A.B. asks: 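After the structure tokens below, expect a handful of questions from me.
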Protein chains: 2
Amino acid sequence: MQTRPRPYHHGDLRAALLARAEDTLREKGPAALSLRELARDLGVSHAAPSRHFKDKQALLDALALTGFERLSTTLAASQETAGDSFADRLGALARSYVGFATANAELLDLMFSIKHDPAASEALVQASQGMSVLATDLIAEGRRTGEVRDAPLDAIAIPMFSTLHGFASLAVSSTLPPGALDANLDDVIAHTLRGCAPDHPTPH
Amino acid sequence: MQTRPRPYHHGDLRAALLARAEDTLREKGPAALSLRELARDLGVSHAAPSRHFKDKQALLDALALTGFERLSTTLAASQETAGDSFADRLGALARSYVGFATANAELLDLMFSIKHDPAASEALVQASQGMSVLATDLIAEGRRTGEVRDAPLDAIAIPMFSTLHGFASLAVSSTLPPGALDANLDDVIAHTLRGCAPDHPTPH
DNA sequence: ACCTGAACACCGTTCAAGT
DNA sequence: ACCTGAACACCGTTCAAGT
């Protein structure tokens with residue numbers, strides 16, 4: 001029925017485990033993720049994963065890390081194609097973040113349900129902080145052009161990132177009124193722009 | 001060593017299971033939560049919990065529900081003791097929300113990692129929406145007094161709740177710069193007030 | 001280096017049976 | 001009504017052994 005079973009997994013078992021884990025996460029949720037089933041799906045013994053991940057949590061951490069890396073790439077790409085104004089760039093960032101969140105709901109949940117303690121892997125901590133770097137750059141530039149009020153970077157970056165992340169997180173958990181996600185996102189962007197605006201906006 | 005074992009659990013096993021589950025969640029995290037261990041801790045057989053929760057997910061849902069109920073109560077209480085101005089009431093709401101989040105980090109994670117689909121228990125959906133009712137009331141009053149700009153309620157309520165929830169969620173996952181949580185929260189409140197403010201603020 | 005197979009101590013869930 | 005005890009099909013983790 002089957003070609004003679006190969007004794008060993010052919011290629012990169014580590015990468016195969018991560019890819020398969022993400023599929024399972026997406027399709028059946030985090031509770032259904034089992035190392036033994038992953039191994040079965042890939043045709044290796046149930047003990048094989050331990051060569052690449054010391055335990056289940058290590059696999060989950062690695063999965064979250066790939067999530068942060070892809071999110072960072074996605075957000076950075078949104079800035080390449082965005083216009084020059086602060087409003088355009090913020091809108092692109094927000095839509096990009098929410099797009100990733102809705103397309104990878106379970107993964108986003110996993111990414112932020114992991115404690116980002118100093119105890120966590122350094123790579124993970126760094127990856128999750130790397131995201132806010134983008135927001136900070138955006139704000140710094142907006143301040144130079146006078147589109148953003150003069151205040152310490154964190155005093156704007158943290159509220160802004162909180163809003164973005166909060167909206168994405170509520171959307172993912174279906175806690176928002178259904179159906180009007182795009183309109184709600186427009187409101188969120190407009191509200192954030194108001195929060196960032198200088199006291200006496202330059203008359204055009 | 002022990003008093004003669006009672007054949008049945010004395011009181012309300014359902015409530016005892018929920019209370020013990022919350023303790024375990026807080027002390028050892030969600031991965032360590034097992035029905036069998038709960039049952040052992042309470043001195044009943046491992047099959048006893050199934051009389052009260054049809055499966056593990058049902059217990060988690062019920063736990064999330066108690067979380068939403070307590071959060072709602074906490075938020076409502078914050079409004080009782082707050083001042084009359086919109087700024088005061090918003091500040092009280094925000095501090096109350098973040099206080100609950102940091103004091104119940106794992107529970108908050110659980111509350112929002114449950115899909116609030118129409119498929120979810122009606123009580124759960126209702127409880128999670130009941131929260132935003134408070135925010136909506138706050139905004140409606142702020143608009144009457146001229147402290148909040150004239151816009152559809154949702155156009156302010158959703159961004160505001162996103163910000164609050166996002167900040168709480170980032171704080172819980174240790175994704176914020178450590179140590180300055182109170183100062184960061186002040187920034188978040190100030191930023192939100194700016195987002196809510198009318199275009200031409202009334203001169204005092 | 002990478003994987004297997006057996007072993008161990010756990011799970012969640014179900015169900016006949018007890019009180 | 002509420003709980004027990006046994007049974008079943010799963011887990012994660014470890015470790016000697018194979019190639």
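Since we're looking at a predicted model, the values are computed, not measured. So that the names make sense, note that chain A is the first sequence line, chain B the second, and so on, each numbered from 1.
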A.B. asks: Can you tell me how far C1' of D/dT13 sits from CD of A/E37, to the nearest Å?
C.D. replies: 18 Å
A.B. asks: Run the numbers on B/E37 and B/K28 for salt bridge (charged side-chain N to carboxylate O under 4.0 Å, His left out), then give the verdict.
C.D. replies: CA-CA 12 Å; B/E37 186 173 14; B/K28 303 201 259 171; 3.1 Å; yes
A.B. asks: Describe the nucleic acid contact of B/S45 in one word from base, sugar-phosphate, nothing, applying a heavy-atom distance below 4.0 Å.
C.D. replies: base
A.B. asks: So what does A/R40 touch, heavy atoms closer than 4.0 Å: a base, only the sugar-phosphate, or nothing?
C.D. replies: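 Sugar-phosphate contact only - A/R40 comes under 4.0 Å of backbone atoms but never of a base.
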A.B. asks: Indicate yes or no for a side-chain donor-acceptor contact from A/D12 to the backbone of A/A15 under 3.5 Å, with no hydrogens or angles considered.
C.D. replies: yes
A.B. asks: Identify all stems in which DNA chain D takes part, counting only runs of at least 3 consecutive pairs (Watson-Crick or G-U wobble, each distance under 3.5 Å), and give each as one range with another, ordered by first number.
C.D. replies: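 So the stems come out as C:4-8 with D:12-16, C:12-16 with D:4-8.
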A.B. asks: Give the residues of residues 50-63 of chain B touching DNA chain D, defined as any heavy atom closer than 4.0 Å, sorted by residue number.
C.D. replies: B/R51, B/H52
A.B. asks: Return the value, rounded to whole Å, for the distance between atom CZ of A/R36 and atom P of C/dG5.
C.D. replies: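 Distance, rounded to whole Å: 13 Å.
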A.B. asks: Whole angstrom is fine here: how far is it from NE2 in A/H46 over to P in C/dG5?
C.D. replies: 9 Å
A.B. asks: Answer yes or no: is there an ion pair linking A/K115 with A/D61, defined by an N-O contact shorter than 4.0 Å?
C.D. replies: no
A.B. asks: Within the distance-only criterion (no hydrogens, no angle test), does the side chain of A/E22 pair as donor or acceptor with the backbone N or O of A/L63 below 3.5 angstrom?
C.D. replies: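 Such a contact is absent between A/E22 side chain and A/L63 backbone.
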A.B. asks: Could you tell me the separation between the CG atom of B/L35 and the P atom of D/dC11, rounded to a whole number of Å?
C.D. replies: 17 Å
A.B. asks: Has A/R26 got a side-chain atom pairing as donor or acceptor with A/A103's backbone, closer than 3.5 angstrom?
C.D. replies: yes
A.B. asks: Is a donor on one side and an acceptor on the other found under 3.5 Å between the side chain of A/S78 and the backbone of A/L75?
C.D. replies: yes
A.B. asks: Between B/L38 (CG) and D/dC3 (P), how many Å, whole number?
C.D. replies: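 Atom-to-atom, B/L38 to D/dC3, this comes out as 14 Å.
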A.B. asks: Is the backbone of B/G195 close enough, under 3.5 Å, to the side chain of B/R149 for a donor and an acceptor to pair up by distance?
C.D. replies: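 Yes: the side chain of B/R149 pairs with the backbone of B/G195.
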A.B. asks: Can you check whether A/G83's main-chain N or O pairs, donor with acceptor, with A/R89's side chain at less than 3.5 Å?
C.D. replies: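 Confirmed, A/R89 side chain pairs with A/G83 backbone.
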